[in-house]
Amino acid sequence: MAGVWILADNRDRTLELLNVAAGLAEKLDTKVAAFLWNDSQLAEDYIAHGADEVLILPSLEEDQPLEAYIPTIVEEALRQDPDIFLVAATARGKEMAARIAGRLNTGLCSGCTALQFDETGKKLIMERLVFGGAAVQTVTCLTRPQMATIAPRTFAPAVPLGDRTGQVRELAAGLPGLVRIVDRKPKAKQSGDVSDAKVLICVGRGLEKEEDLALVRELANVLGGELACTRPIAEELHWLPEETYIGLSGQKVKPDIYIGVGISGQIQHVTGIRDARLICAINRDENAAIFEVSDYGIVGDLYSVLPELTREFKRALGAGKE
Amino acid sequence: MLRIITCFKWVIDQADIKTSPGSRELLLDRASYRISDYDRFAIEEAVSLQEQHGGSTAAITVGSPAARKSLKDVLSRGPEKAYFVNDPSFDTLEPSQTASILASAIRSQLEYDLIICGEGSGDLYAQQVGPRLAEALNIPMTTCVSKLTVYGTQIIAERKLDDGIEVVAIPLPALVTVLPEINTPRIPGLKDTLAASKKPVVDIKATDLGQSFEPCLQTITILASSMERNGVKFSADGADIRKFVEVILKTGNIS
Ligand SMILES: Cc1cc2nc3c(=O)[nH]c(=O)nc-3n(C[C@H](O)[C@H](O)[C@H](O)COP(=O)(O)OP(=O)(O)OC[C@H]3O[C@@H](n4cnc5c(N)ncnc54)[C@H](O)[C@@H]3O)c2cc1C
Ligand SMILES: Nc1ncnc2c1ncn2[C@@H]1O[C@H](COP(=O)(O)O)[C@@H](O)[C@H]1O
């Protein structure tokens, strides 16, 4: 037996993987199967978006994390022997994929950014970033299934394909695992989303104190953009929410304009802005690495540049409107 | 008594990665190496848990013989013993091999209650070795840990996930991978460095493990990722800022 399998935490991620999986399955002349739990309503939706089969995972005990599905998924994979197994590279997805790959004794391309079949039409050539994003590694998987995790938003979501039919199959429950949830603290929904902002003003450690974010926010307001940051600003200083930091371990973004303020431009950050249309930077160090990957830069102290820049943009945009 | 193992990797310093002019080939011969940044948090967590609960901390790494330089460094950070699993072929391992080698070495030579890994290695950042190692050892595990507490024979771990915090209880023996915000690694002083050279190192050779480790993933190429941009710089004076604004508005599609 065979197939292209996908596993993702939620609907958005599932649709992205369905898009990729459908193309691969067509070339292999095989089927797409998607895992689903909690919400069997979505089965028809997934089928409409390209799944040929939806594998429903039984509901878990209250204290069981999603990872408790691993034994059930592995058992099914051993029975069905899929060709390819794609997993969304969310925090949980990465753990689940690595553990599933471990149990299946197969290779896993983590954080795959591009994939295509080689000349035999069977083996995937997969790309991923290494050395913090400074280099691209191309790998193939020598074992079955060929596995990859794919970062959120790497691919566009599948579109509904109209009249489609598919199978829905429920899998048997496994035994509860040893890891038990004792508490959950869901994150409050944040306003503004950096992942689909057209304009991003991104701050780094060049900013001296939290209050100074006001300067950056003003520029963002004038340009109708969102505020984003580097990892230390979110993870160490906690000045901005974690989902606003950009880079290898944070968000990958594709804005029309990115303006980096007080950011050195280390590769782990820059990797996340690779796909921006226009990259701009403000840094007082003319040798800062960020300038090497910028289209336009201003060499200067952000504390004098920002107010003036905001004023100029305001003037220019105001003039344009009249 | 809490017996902790911390797994770390000796990796190329990012800053030393150069490309040969006009090509995407990487020049790594002159690069210096360091303990992978994220593994410093794993080492610190192990050492501070040992300080609270007693017991022992051993550090283990898999690498080519050149990684021997890492041992003094890691021991200066607090662990009392280092295990060095080395072979000339061990510098191009993929994560499934590294995990199998670690599992094999740990099973044959080490006793443990808790294994701590980093979030991901500084070079490959595959985020696989921890989870695969736990599977190979058949022990429970969790990732993304931002707070870790040991209560007798179980741990309570706070996991930072995309949708919030999940607190889990896991019976020991167990494995966790930790995030940078879990602690602030101490900087070794001269005394620590001197003490490190007196601490024991256990050498484990590939032949001691009595099995071979076949890759599941094959690397075809590793090439510099190019990021060609205009690279135009303006100064901070008024006229230049105005020019900058003009260019951005023209090319940036803002209205
Ligand atoms: C495996 C790994 C993954 C990582 N993932 C990420 C990630 O996803 N995202 C991320 O962002 N980082 C990540 N990092 C961290 C990354 O390596 C850098 O440490 C971080 O991006 C640096 O942040 P920064 O540019 O804000 O700070 P710094 O590097 O400290 O740079 C500050 C800059 O501000 C400039 N500056 C100072 N004062 C002024 C002023 N008054 N006016 C103008 N300029 C000024 C300085 O010249 C300097 O260039 C990761 C690291 C590792 C090892
Ligand atoms: N060669 C190695 N030796 C020991 N531990 C390793 C090695 N490679 C990776 N690890 C551990 O596994 C974690 C994840 O690595 P990776 O899967 O390569 O991202 C690292 O943070 C280390 O704790």
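So you know, we letter chains A, B, ... as the sequences are listed, proteins then strands, and number each from 1. Just so you know, these numbers come straight off a predicted model, no measurement behind them.
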Task: Any side-chain donor near an acceptor of the partner, A/Q251 and A/S195, under 3.5 Å - done: no
Open item on the list: Does this structure show an ion pair linking B/D113 with B/R3, if we count only N-O contacts that are shorter than 4.0 Å?
Closed with: yes
Task: Contacting moiety of A/A101, where chain B heavy atoms sit under 4.5 Å - done: both
Task: Crowding at NZ, B/K233 (>12 non-hydrogen neighbours, <6.0 Å) - done: yes
Task: Most contacts with chain A, counted as non-hydrogen pairs under 4.5 angstrom, among B/D162, B/L161, B/V247 - done: B/D162
Open item on the list: Name the residue from B/T61, B/D123, B/D39 that meets the side chain to side chain donor-acceptor pair (under 3.5 Å) definition with B/K9.
Closed with: B/D123
Open item on the list: Using a 4.5 angstrom heavy-atom cutoff, name the option from B/L223, B/I155, B/V129 with the most pairs to chain A.
Closed with: B/L223
Open item on the list: Counting only non-hydrogen atoms closer than 4.5 Å, does B/E158 touch chain A with its backbone (N, CA, C, O), its side chain (CB onward), both, or neither?
Closed with: side chain
Task: Heavy-atom contact with chain B under 4.5 Å, split by part of A/N105 - done: backbone
Open item on the list: Only pairs of heavy atoms separated by less than 4.5 Å count here; which of B/Q127, B/M141, B/R24, B/E119 has the most with chain A?
Closed with: B/M141
- [ ] Give, as side chain, backbone, both or neither, the part of A/T140 having an atom under 4.5 angstrom from any heavy atom of chain B.
- [x] both
TODO: Specify which of A/M96, A/R128, A/E67 makes the most heavy-atom pairs with chain B at under 4.5 Å.
DONE: A/R128
Open item on the list: Between A/I100, A/D9, A/T106, who has the most heavy-atom pairs with chain B when the cutoff is under 4.5 Å?
Closed with: A/T106
TODO: Enter the distance from B/Q128:CD to A/K94:NZ here, rounded to the nearest 0.5 Å.
DONE: 11.5 Å
Task: Heavy atoms from other residues, nucleotides or ligands near CD of B/E111 exceed 12 (cutoff 6.0 Å) - done: no
Task: B/R34 and B/R40, any side-chain heavy atoms less than 4.5 Å apart - done: yes
Task: Residue selection (most heavy-atom pairs with chain A, distance under 4.5 Å) from B/T142, B/L26, B/T143 - done: B/T143
Task: Residues that A/T138 engages under side-chain contact (heavy atoms from CB on, under 4.5 Å), provided they are two or more places apart - done: A/I125, A/E127, B/I220, B/T221
Open item on the list: Need one label for A/Q146: side chain, backbone, both or neither, based on atoms under 4.5 Å from any heavy atom in chain B.
Closed with: neither
Open item on the list: Is A/Q266 in contact with chain B via its backbone, its side chain, both, or neither, using a 4.5 Å heavy-atom distance?
Closed with: neither
Task: Most chain B-contacting option - heavy-atom pairs closer than 4.5 Å, from A/L248, A/L178, A/V130 - done: A/L178
- [ ] Sort out for me which of B/Q154, B/E94, B/E246, B/R159 touches chain A most, counting heavy-atom pairs under 4.5 Å.
- [x] B/R159
